[in-house]
Amino acid sequence: MDAPAPAAKETAKVELHGAAILAAIKDSGVKFVLSVPDIVTSAGLLRPISRDPDLRLIRVCKEDECIGIASGLSFCDQRALVLIQYTGFLDSLNAIRAVAVEYKQPICMMVGLLGHEPERPPTQSGRFGVRIIEPILDTMGIAHELISQDADVPKIRPAIDAAYAQSLPVALLIGRRPLAP
Amino acid sequence: MMKRDACFRILARHITDEIVIASYSGAVEWNEINPRVLNHFSIGAMGLGSSHGLGLALGRPDKRVVVLDGDGSLLMNLGSLVTIAAAAPRNLVHFVCQNDTYEANGGHPIPNPKVDFAAMARSAGYAHCHEISELASFEQQIGHVLSQDGPVFCTLHVERSKPLTYDYNDLYAVARRKALKAALQQSQPSS
């Protein structure tokens, strides 16, 4: 029996490459990455960041520490990226409320959406914790971008630049496990 | 036991161009005793003073950074001891004013007044740790404590000096933050 004829046009595989995100982070002028490990970004981002001589990785014990450290660095004109899981974001809400939102500090957060199904918007996720992230950000008035595929990566640098230009927080939500370089 | 204000008056005589981060009751009292542009007050997210201090110390390794933490505050961010020790900023001196109470929140006791912060800092990996209970000893040691390679930790066993008026809006006013940032930009070392 003949093999079935291939579809006229195969659907392109949607991917998100950690190397592209890392390049965008560095292009944004970020020198410090402050992080608690997150399995979403572990292989594709945190591990290569830990080896990158252009970035200083500060491993913290609890995510809200990142908010204070990033704020302190911003007074010194040093850009930082907070790399955490959404659970750590939720745990840090008071620090984010006070330092980032009320005191208008440029806190740039890259937040892994553990358990998010990339084919759906986060607000329609089967996971309660994922579903509530964007509504919480909207309620707090925090700008956010969803980074789920390589086509989303060009959003990163303008978002970080805007955060520092306006002295306001931003959240970059990682909706798919980035592929390791 | 030392009165905190007496302690801070001695400390103020040793402070020149350091960045000083203070929180809650310590912030109110330090601002009364030594108001200056290079003060930064950690208000609104209790416990983050040490983390603000780490960020400033990493961002300006050419300047010494002095954190005036509270015991209730540090208890909320004990992990920062480990983070700071690992980051190992040589320019950071971390004091905790231990009066065994949440002074700014009604004077209730901390969960365990016997907690030994200096021992915690030592086991976390701070380079030098001190514990001072007497004003004469503080006066004698403060110059040495401030000049050691960090991270340095020092517990100050203090008692409340007087009832304080808390004006958090003033302590974290936008104008103060802008002034601090401008002062740090002006004093940037030439690259």
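Please read all numbers here as calculations on a predicted model, not as lab measurements. Lettering of chains follows the sequences in order, A, B, ..., and the numbering in each one begins at 1. Reckoned from all heavy atoms, side chains included, excluding hydrogens, waters and symmetry mates.
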> Is the number of heavy atoms from other residues, nucleotides or ligands within 6.0 Å of CZ (A:Arg97) greater than 12?
Replying inline: yes
>> Please identify, among B:Ile21, B:Ile84, B:Ile43, B:Leu78, the residue contributing the most non-hydrogen atom pairs under 4.5 Å to chain A.
In response: B:Ile43
>> Between A:Val60 and chain B, with a heavy-atom cut-off of 4.5 Å, which part of the residue counts as in contact: side chain, backbone, both or neither?
In response: both
> Backbone N or O of A:Lys104 within a donor-acceptor pair of the B:Arg177 side chain at under 3.5 Å?
Replying inline: no
> Looking only at heavy atoms, which two atoms of B:Gly55 and A:Leu73 are closest? And how far apart?
Replying inline: O-CD2, 3.4 Å
> Contact part of B:Leu81 toward chain A, heavy-atom cut-off under 4.5 Å: side chain, backbone, both or neither?
Replying inline: neither
>> Applying a strict under-4.5 Å side-chain criterion to I, L, V, M, F, W and Y, I'd like to know whether A:Val170 and A:Val33 cluster together.
In response: no
>> Let me check something: do B:Leu11 and B:Met1 share a hydrophobic cluster, defined by ILVMFWY side-chain heavy atoms less than 4.5 Å apart, either directly or through other members?
In response: no
> Which heavy-atom pair separates B:Ala45 from A:Ala95 by the least distance, and what is that distance?
Replying inline: CB-CA, 3.8 Å
> Under a 4.5 Å heavy-atom cutoff, which of A:Ile96, A:Asn94, A:Ile67 has the most pairs with chain B?
Replying inline: A:Asn94
> For B:Gln140, does the CD atom sit with more than 12 other heavy atoms under 6.0 Å from it, leaving out its own atoms?
Replying inline: no
> With a 4.5 Å limit on heavy-atom distance, are the side chains of A:Lys62 and B:Asn77 in contact?
Replying inline: no
> Is atom NZ of A:Lys155 surrounded by more than 12 heavy atoms (other residues, nucleotides or ligands) closer than 6.0 Å?
Replying inline: yes
> What is the distance from atom OG of B:Ser80 to atom CD1 of A:Ile69, rounded to the nearest 0.5 Å?
Replying inline: 8.5 Å
>> Counting only non-hydrogen atoms closer than 4.5 Å, does B:Leu184 touch chain A with its backbone (N, CA, C, O), its side chain (CB onward), both, or neither?
In response: side chain
> What are the two closest non-hydrogen atoms of B:Tyr172 and A:Ser71, and how far apart are they?
Replying inline: OH-OG, 4.4 Å
> Hey, quick one: are B:Ile33 and B:Tyr168 part of the same hydrophobic cluster, counting side-chain heavy atoms closer than 4.5 Å, chains of contacts allowed?
Replying inline: yes
> Would you say B:Leu75 and B:Val82 are hydrophobically clustered, going by side-chain heavy atoms of ILVMFWY under 4.5 Å?
Replying inline: no
> In Å and rounded to the nearest 0.5 Å, what is the CZ to CD distance from A:Phe75 to B:Gln185?
Replying inline: 11.0 Å
> In terms of heavy-atom pairs under 4.5 Å with chain A, which of B:Lys181, B:Arg60, B:Gln188 leads?
Replying inline: B:Lys181
> For the residue pair A:Arg56 and B:Leu58, what are the closest heavy atoms and their distance?
Replying inline: NH1-CD2, 3.4 Å
> Does A:Leu34 belong to the same Ile/Leu/Val/Met/Phe/Trp/Tyr cluster as A:Ile39, with side-chain heavy atoms less than 4.5 Å apart forming each link?
Replying inline: yes
> Is there side-chain contact between A:Glu65 and B:Leu54, with at least one heavy-atom pair below 4.5 Å?
Replying inline: no
